[in-house]
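Below is one structure, written out as structure tokens; comments come after it.
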Amino acid sequence: MTSGALYGHRKVAVAGVALSDCGRVDDATPYALHAQAARRALADSGLDRSAIDGFASAGLGTLAPIEVAEYLGLRPTWVDSTSVGGATWEVLAAHAAEAIAAGHADAVLLVYGSTARADIKAGRRTSNLSFGGRGPLQFEVPYGHTLIAKYAMAARRHMHQYGTTLEQLAQVAVQTRANAAANPEAMYRDPITVDDVLGGPVIADPFTMLHCCIRSDGGCAVLLVAEDRVQDLAKPPIWVLGSGTAVSHTTMSQWDDFTVSPAAVSGRQAFARAGVRPDEIDLAELYDAFTYMTLVTLEDLGFCAKGEGGAFVGTGRLLRDGELPVNTDGGGLSACHPGMRGLFLLVEAVRQLRGETGPDRQVHRADGALPRLAVASGTGGWFCSSGTVVLGRE
């Protein structure tokens, strides 16, 4: 393993990561959560705010990310607001790393915040059947084809084609909750069983409630810097080794195969650019709005063959002390899910690689050493987009 990915002429490192207050946050605005996470990530890095010359944000403001940058008192000379759903943050991290490597910026802050749960509780946000009634999506709207129904259809196809069972999908939720149990920041920590998952109310066949992500408030931030700044950091750098991005479809009729996500492309790119194989990865942080997402992403990233995801997840492999720890903070199924959760994946991966998550949930290699390699893979829309980032420490 090299000490960083040479996108251009400079290596790129993660300098600071942080969460804002998460879970149930009734007394803060999304802007406040952005600011809280940004301040904490900056403090984690040991750098001064004046070091930031690049900024990336999405999901808030009329002119994102300008509006958020103004709120934070930043005047960046490199900006990005690419928005592709949950994969947004891995895609933005890839863009930021490329910009830093090419010398277009020296320090890029990625920040997100949402009060999705509080807004629902206060009546500030209502549910809808569709993301929109114009463009290609208009042809699906009349059928009441909700976002969750699209994931459910894809899961049913995998079950039909490969014999994947509801019990295997439920194991994803059970093991993710077990990982959350050791995370004091997780919103739900009580253990659950396969029977608990299967016996819950049906949301969209075959998904019951515990197959689906929670709704929370929260924010987080990640600061990326050029290798030139590493000596100024408060903590050892975590290097961005490689990344990949891909999009697939927006209408279900244009999805070639319901059992293959765009992570099959972004993962292959990220691993090739990092110069590592899936079997060298020590832990994986994967977007898990639904249990099926975890299963199919594991297949598409190459951790098991296509169609073998059910058997793979059903053996306890995803636990913190399993063969491939996955979503070690409890993921979107149990820890937090305030909307576009992809940035949280990067925060948890960095914390694990640094060895700073605490004795109850820290991942270790078979020899007892700290993990060396992690992958974060975000999914957007209904498997419409994917961004994958491979991280490593020296």
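This structure is a prediction, so every number in the text was calculated from the model and none was measured. Computation of the quantities below employed the complete heavy-atom set of this structure, encompassing side-chain atoms and omitting hydrogens, waters and symmetry-equivalent molecules.
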What heavy-atom pair brings Pro30 and Gly113 nearest, and what distance separates the two atoms? CB-O, 4.0 Å

Less than 4.0 Å between a side-chain N and a carboxylate O, is that true for Arg351 and Glu185? yes

So, do Arg117 and Pro338 sit near enough that their side-chain heavy atoms are less than 4.5 Å apart? no

Strictly below 4.0 Å, N to O, side chains only: are Asp26 and Lys121 in salt-bridge contact? no

Parallel, tilted or perpendicular: which fits the ring planes of Tyr71 and Tyr31, with parallel below 30° and perpendicular above 60°? tilted

So that I can tick it off, tell me whether Arg75 and Glu70 are bridged by a salt bridge, with the cut-off set at under 4.0 angstrom between side-chain N and carboxylate O. no

Is any side-chain N of the basic residue among Asp106 and Arg229 closer than 4.0 Å to the acidic one's carboxylate O? no

Verify the distance criterion only: is there a donor paired with an acceptor across the side chains of Asp48 and Ser50 at less than 3.5 Å? yes

Indicate, with yes or no, if Val79 and Leu110 share a hydrophobic cluster defined by side-chain heavy-atom contacts under 4.5 Å among Ile, Leu, Val, Met, Phe, Trp and Tyr. no

Shortest non-hydrogen contact from Gly244 toward Ser266: O-CB, 3.4 Å

Are Arg361 and Asp329 within salt-bridge range, i.e. N to O under 4.0 Å? no

Any non-hydrogen side-chain atom of Leu333 less than 4.5 Å from a side-chain atom of Val172? yes

Does some side-chain heavy atom of Cys212 sit less than 4.5 Å from a side-chain heavy atom of Ile148? yes

Are His158 and Tyr292 close enough that their ring centres sit under 6.0 Å apart? yes

Give the C-alpha distance, both sets of side-chain angles, the deciding distance and a yes or no for side chain to side chain contact (heavy atoms under 4.5 Å, CB included) between Val111 and Leu72. CA-CA 10 Å; Val111 63; Leu72 299 180; 4.2 Å; yes

Just wondering, do Leu19 and Phe344 contact through their side chains at under 4.5 Å, heavy atoms? yes

Please say whether the positively charged group of Arg215, taken as NZ for Lys or CZ for Arg, lies over the ring of Tyr188, i.e. under 6.0 angstrom from the six-membered ring centre and within 45 degrees of the axis. no

Mind checking whether His364 and Pro371 have side chains closer than 4.5 Å, heavy atoms only? no

Ion pair present between Arg317 and Glu323, side-chain N to carboxylate O less than 4.0 angstrom? yes

Residue pairs meeting side-chain hydrogen bond (donor to acceptor under 3.5 Å, both in side chains), one or both in residues 169-178, sequence neighbours left out, come to Gln171-Gln175, Arg177-Ser334

Is any side-chain heavy atom of Val375 closer than 4.5 Å to one of Val389? no

Are the side chains of Lys11 and Pro237 in touch, meaning some heavy atoms are under 4.5 Å apart? no

Determine, stepwise, if the pair Arg24 / Asp217 fulfils salt bridge (Lys or Arg N to Asp or Glu O under 4.0 Å). CA-CA 6 Å; Arg24 300 172 180 87; Asp217 308 310; over 6 Å; no

If the threshold is 4.0 Å, N to carboxylate O, is there a salt bridge linking Arg320 and Asp282? no

State, without any angle test, whether Glu285 and Thr328 hold a side-chain donor-acceptor pair at a distance under 3.5 Å. yes

Between Glu280 and Arg372, is there a side-chain N and carboxylate O pair less than 4.0 Å apart? no

Would a line drawn from the ring center of Phe383 to the ring center of Tyr151 be shorter than 6.0 Å? yes

Considering only heavy atoms from C-beta outward, does the side chain of Tyr287 approach that of Thr297 to under 4.5 Å? no

Listed pairs under 3.5 Å, donor-acceptor, residues 301-308 side chains, sequence neighbours left out:
| unit_1 | atom_1 | unit_2 | atom_2 | d |
| --- | --- | --- | --- | --- |
| Lys306 | NZ | Thr259 | O | 2.5 |
| Lys306 | NZ | Glu299 | OE1 | 2.9 |
| Lys306 | NZ | Asp300 | OD1 | 2.7 |

